[in-house]
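Have a look at the structure below, then the notes.
In this text the structure is predicted, and so the values were computed from the model without any measurement. Residue indices begin at 1 and follow the sequence shown.
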Amino acid sequence: MSLKVKEYADCLLEAEKKRNGIQPLTEINPELSIEEAYGVQMETIKRKVASGNRVVGRKIGLTSAAMQKLLGVDEPDYGHLLDTMKIENEGVVSFKHVMQPKAEAEVAFVLKEDLAKKAITVDDVLKATAYVVPAIEIVDSRIADWKIKLPDTIADNASSGLFVLGNTPFNTDDVNLEELTMRAYKNGEFVNEGSGKDVLGHPAACVAWLGEKLHELGSSLKAGDIILSGALSAAVDMEPGDTFHAEFDQLGTVKVTFGP
């Protein structure tokens, strides 16, 4: 591991601890590669696990064509989910635990079988899934003012923050994830909407991409993993006192409130 990777991990962890955003890593080092950025992410996760956190799954980002175009990329990215990131449905998030949060709605998959092969199909994902639930991802950034490029967000655990899962599990045979629709609300006011088609054409296609990517890197998805499959619409800025909820036509509602 290069000294730079350790230094960048130090910077991100210190920013999180002090809740003070840092200069983009791509400004510190314009040559920061995607490979090095994932190395930084893995170093931060390794340190968190060593301090008692547990990896419970992964999140997929940049699944929409619009976000990929914005960052000039042609594939998604991913980050790790830790047990300490989970918030109960209808729970309250203290603003002392976030920095510059945004909320977005997506479909979460919980696996019952490993997905560990080079080529993975949508059907493979559906067969390996124990159930799906509606989810909210609270994305956050340790980079000041969200001034990120692709290596910045990858290094920063794909801008992960917290996540909320719905209460009722659904068998994939009982829902049409491709046709699923979602409407998002901030403080009771409609803000945006999306559908399953908006994330690589099908939420399970995102999980398939992740499984193939991990296989390429010598890892894999495991039974029991929680997978946040990608935002169905744009992320919404959150401030203390705000509430965000999402209504899925086939999966029900998931909600979170931000406290002081």
L232 vs L180 side-chain heavy atoms within contact, under 4.5 Å: yes
same_hphob_cluster(V49, M85) at 4.5 Å side-chain heavy-atom cutoff: yes
Least distance between heavy atoms, R58 atom then S220 atom: NH1-O, 3.9 Å
Side chain proximity check, N53 to S51, heavy atoms < 4.5 angstrom: yes
Side-chain touch Q41/D156, heavy atoms, less than 4.5 angstrom: no
Inter-residue atom distance E239.CD - N187.CG, 0.5 Å rounding: 10.5 Å
L12 vs I143, side-chain contact (heavy atoms from CB on, under 4.5 Å): CA-CA, chis, key distance, verdict: CA-CA 8 Å; L12 290 167; I143 307 297; 4.1 Å; yes
Linked, directly or transitively: M99 and Y8 (ILVMFWY side chains, under 4.5 Å): no
Side-chain donor-acceptor pair present, D124, T121, cut-off under 3.5 Å: yes
ILVMFWY network linking M42 to L150, side-chain heavy atoms under 4.5 angstrom: no
For F190, the rest of its hydrophobic cluster, which grows through side-chain links under 4.5 angstrom: Y185
Beyond-backbone contact of E90 with H245, side-chain heavy atoms, under 4.5 angstrom: no
Cationic N near anionic O, under 4.0 Å, E106 to K59: no
Between CG on residue N89 and CD1 on residue I136, distance to nearest 0.5 Å: 7.0 Å
Rounded distance [0.5 Å steps], CD1 in I34 versus CG in D77: 8.5 Å
Gap between atom CD1 of I22 and atom CZ of R142 - 0.5 Å precision: 9.5 Å
Residues that S195 engages under side chain to side chain donor-acceptor pair (under 3.5 Å), provided they are two or more places apart: none
N192 to A234 - nearest heavy-atom pair and separation: ND2-O, 3.0 Å
Heavy-atom check, side chain of F95 versus side chain of V93, under 4.5 Å: no
Spacing of CD belonging to Q100 relative to CE belonging to M238, to within rounding of 0.5 Å: 14.0 Å
Residue pair T153 / S159, side-chain donor-acceptor N/O under 3.5 Å: yes
Common cluster, V122/V175, ILVMFWY with side-chain heavy-atom separation under 4.5 Å: yes
Contact summary for L25 and A155, nearest pair of heavy atoms: CD1-CB, 3.7 Å
Rounded distance [0.5 Å steps], CG in L32 versus OG1 in T26: 7.5 Å
Ring pair (Phe, Tyr, Trp, His ring centres under 6.0 Å) partners for Y78, two or more places apart: Y38
K86 atom NZ, over 12 foreign heavy atoms within 6.0 Å: no
Flag side-chain contact, heavy atom, 4.5 Å: I120 against V125: yes
Qualifying salt bridge (charged side-chain N to carboxylate O under 4.0 Å, His left out) pairs, either residue in residues 193-212, two or more places apart: E179-K197, R183-E193
Single-linkage hydrophobic cluster L165~V92, side-chain heavy atoms < 4.5 angstrom: no
Derivation and outcome, salt bridge (Lys or Arg N to Asp or Glu O under 4.0 Å), residues E43 and K48: CA-CA 9 Å; E43 175 66 12; K48 288 189 175 187; over 6 Å; no
Side-chain ion pair, K17 and E14, N-O less than 4.0 Å: no
Counterpart residues, side chain to side chain donor-acceptor pair (under 3.5 Å), relative to K127 (two or more places apart): none
K102 and W146, any side-chain heavy atoms less than 4.5 Å apart: yes
Sole candidate of D83, L81, D225, L82 that passes side chain to side chain contact (heavy atoms under 4.5 Å, CB included) when paired with V55: L82
Shortest non-hydrogen contact from A235 toward E104: CB-OE1, 3.4 Å
Show me the donor-acceptor pairs within less than 3.5 Å that the side chains of residues 249-260 make with the rest of the protein, sequence neighbours left out.
{"from": "D249", "atom 1": "OD1", "to": "T181", "atom 2": "N", "distance (Å)": "3.0"}
{"from": "D249", "atom 1": "OD2", "to": "T181", "atom 2": "OG1", "distance (Å)": "3.3"}
{"from": "Q250", "atom 1": "OE1", "to": "N176", "atom 2": "N", "distance (Å)": "2.7"}
{"from": "Q250", "atom 1": "NE2", "to": "N176", "atom 2": "O", "distance (Å)": "3.1"}
{"from": "T257", "atom 1": "OG1", "to": "T243", "atom 2": "OG1", "distance (Å)": "3.1"}

Side-chain heavy-atom pair Y131, N171 within 4.5 angstrom cut-off: no
Polar side-chain atom of E36 near backbone of S33 as donor-acceptor pair, under 3.5 Å: yes
CG (D145) with more than 12 external heavy atoms under 6.0 Å: no
Nearest atoms (heavy-atom pairs only) where V207 meets S229: CG2-CB, 4.2 Å
Shortest non-hydrogen contact between C206 and T63, atoms and distance: SG-CG2, 3.7 Å
